[in-house]
*Asks:* 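Mind looking over this structure? Questions follow.
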Amino acid sequence: MKLELIFCAICVIGSRAANLPSYITPCSRSLAINELTECVTTEARRIQPEFAKGIPEFGLEPIDPLPLDDIVANAGTFIIRSKNLLLKGLKKMEIREVKFNLEKNTGSMKLFGNMTFVGDYETDGAIVLIPIKGNGKISVKCLDTNILIKYKLRKIKDPNGVDHLETYDIKQSEQYGRVVFHLTNLPGGEAIGNTINQVMNDNWKDLIKQLGPPYTKATANKVHELINKLYSNVPFDQLFAL
Ligand SMILES: *[C@@H]1O[C@H](CO)[C@@H](O)[C@H](O)[C@H]1NC(C)=O
């Protein structure tokens with residue numbers, strides 16, 4: 001009986017130790033908010049390349065490029081459906097700040113950089129009265145983009161009664177330096193296609209305001225799904241030491 005207990009204690013310690021990847025150093029949850037933010041931001045930057053490559057032992061796929069579900073967005077009568085979407089660039093996005101307020105159970109993340117959505121599109125409707133019904137390849141380059149993601153935190157217990165962090169109620173907003181659209185195979189031939197791309201790029205601010213949210217929402221949700229998968233593999237007590 002005693003031996004069993006000791007063995008069990010060892011296996012628990014053993015499995016817990018194996019849970020924490022070597023590149024994660026826990027931040028102390030007793031740090032003041034500013035210091036905790038600094039610590040977590042540093043850790044997040046350290047994890048970013050590993051996270052980008054994927055962490056097979058946690059069942060995490062690479063996040064760059066990040067496959068996204070199909071998205072439907074519209075600007076007025078212009079409807080665009082995107083399929084086989086990939087987001088490129090997350091591994092190089094600069095993590096400006098990652099904040100956890102463990103008392104209020106809130107957090108936020110600030111990212112900056114360039115990212116590009118590429119995939120297949122299908123459009124319907126019109127842009128500035130030019131009818132656009134077609135399909136082809138789409139690329140949306142978001143340059144010098146500031147992203148702010150806010151979320152709530154809670155702890156959930158795994159089947160062994162161990163607490164894990166989870167983020168939920170994710171809200172994001174972004175400010176773009178510039179956005180460059182490129183759609184291939186637009187109807188009416190190359191000259192008209194170029195004109196349509198030009199019109200879209202001349203009006204990128206209005207367009208992205210309307211077309212952007214479904215894309216960024218899908219991205220934020222996907223990234224948080226993966227972050228939560230990471231959390232589900234690492235006990236809260238190891239992520240935030242005493
Ligand atoms: C984003 O891309 C633009 C154009 O290629 C480049 O000038 C800029 O330096 C890039 N920004 C970052 C943060 O990498």
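Just follow the structure's listing: the first ligand is 1, and inside any ligand the first atom is 1. Numbering of residues begins at 1 and proceeds along the displayed sequence.
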*Asks:* Could you tell me whether the side chain of Tyr151 and the main chain of Ser108 form a donor-acceptor pair under 3.5 Å?
*Replies:* yes
*Asks:* Tell me the disulfide bond (SG atoms under 2.5 Å apart) pairs involving residues 148-242, sequence neighbours left out?
*Replies:* none
*Asks:* My understanding is that only residues two or more places apart in sequence, or in another chain, count here; which of them pass salt bridge (Lys or Arg N to Asp or Glu O under 4.0 Å) with Arg178?
*Replies:*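 So Arg178 forms no salt bridge (Lys or Arg N to Asp or Glu O under 4.0 Å) with any residue.
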*Asks:* Pairs of donor and acceptor atoms involving the side chains of residues 99-107, under 3.5 Å and at least two apart or interchain, shall be tabulated with distances.
*Replies:*
{"unit_1": "Asn101", "atom_1": "OD1", "unit_2": "Glu103", "atom_2": "N", "d": "3.0"}
{"unit_1": "Asn101", "atom_1": "OD1", "unit_2": "Lys104", "atom_2": "N", "d": "2.9"}

*Asks:* Do Arg46 and Tyr23 meet the cation-pi criteria used here (NZ or CZ under 6.0 Å from the six-membered ring centre, within 45° of the axis)?
*Replies:*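 Here Arg46 fails the 6.0 Å and 45° test against Tyr23.
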*Asks:* Between Arg154 and Tyr168, is NZ or CZ placed under 6.0 angstrom from the six-membered ring centre and within 45° of the ring axis?
*Replies:* yes
*Asks:* Kindly print each ligand 1 N/O atom paired with any protein N/O atom under 3.5 angstrom away, one pair per line, or none if nothing qualifies.
*Replies:*
{"unit_1": "ligand 1", "atom_1": "2 (O)", "unit_2": "Asn114", "atom_2": "ND2", "d": "2.2"}
{"unit_1": "ligand 1", "atom_1": "11 (N)", "unit_2": "Asn114", "atom_2": "ND2", "d": "3.1"}
{"unit_1": "ligand 1", "atom_1": "11 (N)", "unit_2": "Asp144", "atom_2": "OD1", "d": "2.9"}

